Amino acid sequence: MSGREVNFDGLVGLTHHYAGLSFGNEASTRNQLQPANPRLAAKQGLIKMKALADMGFIQAVIPPHERPNLAALRQLGFCGSDEQVLAKAAKTAPQLLSACSSASAMWVANAATVSPSADSADGRVHLTVANLNNKFHRAMEAPTTTALLRAIFCDSAHFSVHDALPQIAMFGDEGAANHNRFGGYGEPGVQLFIYGREENQGGVVPGRYPARQTREASEAVARLHQLDPARTLFAQQNPAVIDQGVFHNDVIAVSNQQVLFCHQQAFLHQAALLADLAERVPGFTAIVVPEAQVSVSDAVNTYLFNSQLLSQPDGSMLLVVPEESRQHAGVWRYLCELVESGGPIRELKVFDLRESMCNGGGPACLRLRVALTAAEQAAVNPQVIMNDGLFTRLNAWVDRYYRDRLTQQDLADPLLLREGREALEALTRMLDLGNVYPFQR
Ligand SMILES: NCCC[C@H](NC(=O)CCC(=O)O)C(=O)O
């Protein structure tokens, strides 16, 4: 059966700000307390979505979450009216207020792991919501992500949206950012799960920064998705690169169909893994970037590998990279040589995603890939698909509700909470999602 890849991009939320919440993600740490521009952030994302839709790719949108998360603040003992909860948290624990206000749900590569129907025994598309257990501000995303994905992939004849794994370190799961799938979109493929550590084995682990994804979590997701063990691989990310700021595998590798584009130091036992993939994936092509050409540090700073590798109708591929990759002379030279080399990647497209990049999220972090057959595509909530009309409506919506400057101090403003709820109420109506947020129940 033929299939298409649909890219679902996270729409940046109204409380986008820089809080330094993600130890191990160097951009997050570096930009802590810098002023943010939520309106610009949302528009930068919309421009990417629209441009790719205009180029013929199927593009959809996933809404932001309700923030500040008042229920989480109450659970932590801040009490009284909404205004009092915000004021008390701002006064005594601004970092907790930040965590409960983070717009981190925009990075939907961490929303869920997705398996196309061709790979699953029951012939349905499976999505397991990521528990994001390693970071408090991200672990609270799971319930709303579940509600949103169930509202978008609402037809249970075609889709199965699984709850997040148990919220415990042993099952730390960061979703599609640590998952690659090789093969045609509509045919059975090979799935590669990348983990940072194995809870029950010890083994080599990073020494400085946390390994967020466990092998135990990846194995559970593979079981939930009813994958064929003969076509499912588990491999460890190189712990040394986690210690250099590669907090998810999608900061050092990206794949599409038969192609893997990665750094020389991406995986722990890289040669064995590539040989295994070459054996299992018909036409497997690895484009391995040597350290001598692009260092791990340059890869982390430019997000060269946090790119989108998209198939054109003629079978060639387009690489979508952030502006930071063009700004770096060595990385840009490498990319220009790559498209001239006669390999599968023939074209580059550059986007300015600076607001998201400053928190460690590039083009790939902002999208969740879902390979769908025509029947499955028809079963997706049609209101979330990007087109001229939706682009115009979403831009007007952003202009109406979003601020153009936000710092940690602003989070206690009760108006921000109200603006957020009004905006999300309007958005859920625009996208025909029903009631998905806690304030709507
Ligand atoms: N896939 C990209 C994820 C980026 C995300 N950054 C953050 O949450 C930073 C938030 C802050 O520090 O304000 C993370 O590290 O999980």
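All ligand and atom numbering here is 1-based and tracks the order in the structure. Note that this is a predicted model, so its numbers are computed, not measured. For the single chain, residues carry numbers from 1 onward in sequence order.
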Give a yes or no on whether the ring-centroid distance for Tyr209 and Phe247 is below 6.0 angstrom.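 Tyr209 vs Phe247: aromatic centres not under 6.0 Å.
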Taking the six-membered ring for Trp and the single ring otherwise, decide whether the centroids of Tyr195 and Phe234 are under 6.0 Å apart.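 No, the ring centres sit 6.0 Å or more apart.
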Please could you name the atoms of ligand 1 that [X] approaches to less than 4.0 Å, counting only its heavy atoms?
| X | answer |
| --- | --- |
| Arg212 | 14 (C), 15 (O), 16 (O) |
| Cys365 | 1 (N), 2 (C) |
| Ala19 | 11 (C), 12 (O), 13 (O) |
| Ser28 | 9 (C), 11 (C), 12 (O) |

Tell me, please: is [X] in heavy-atom contact with ligand 1, that is, under 4.0 Å?
| X | value |
| --- | --- |
| Gly20 | yes |
| His17 | yes |
| Gly360 | yes |

Part of [X] with heavy atoms under 4.0 Å of ligand 1, whether side chain, backbone, both or neither:
| X | answer |
| --- | --- |
| Asn25 | side chain |
| Arg30 | neither |
| Asn110 | side chain |

Taking atom types as modelled and ignoring hydrogens, do the side chains of [X] and [Y] form a donor-acceptor contact shorter than 3.5 angstrom?
| X | Y | result |
| --- | --- | --- |
| Gln408 | Gln95 | yes |
| Glu355 | Tyr18 | yes |
| Gln84 | Asp82 | no |

With respect to Ser22, determine whether any N or O atom, backbone or side chain, lies less than 3.5 Å from an N or O atom of ligand 1. yes
Students often mix this up, so state it plainly: with edges at 30° and 60°, are the rings of Phe439 and Tyr437 parallel, tilted or perpendicular?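 Correct class here is parallel.
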Using 30° and 60° as the class limits, which term best fits the ring planes of His126 and His162: parallel, tilted or perpendicular?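 Judged by the thresholds at 30° and 60°, the geometry between His126 and His162 is parallel.
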Hey, are Asp163 and Arg150 close enough for a salt bridge, meaning a charged N less than 4.0 Å from a carboxylate O? yes
Quick one: nearest non-hydrogen protein atom to atom 11 (C) of ligand 1, plus distance?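 In this structure, atom 11 (C) of ligand 1 has Asn359 OD1, 3.2 Å as its nearest protein heavy atom.
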From atom 8 (O) of ligand 1, work out which of His248, Arg138, His137, Gln408 has a heavy atom at the shortest distance. His137
Quick one: do Glu66 and Arg421 satisfy salt bridge (charged side-chain N to carboxylate O under 4.0 Å, His left out)? Show the steps, please. CA-CA 7 Å; Glu66 183 193 349; Arg421 287 179 175 170; 2.9 Å; yes
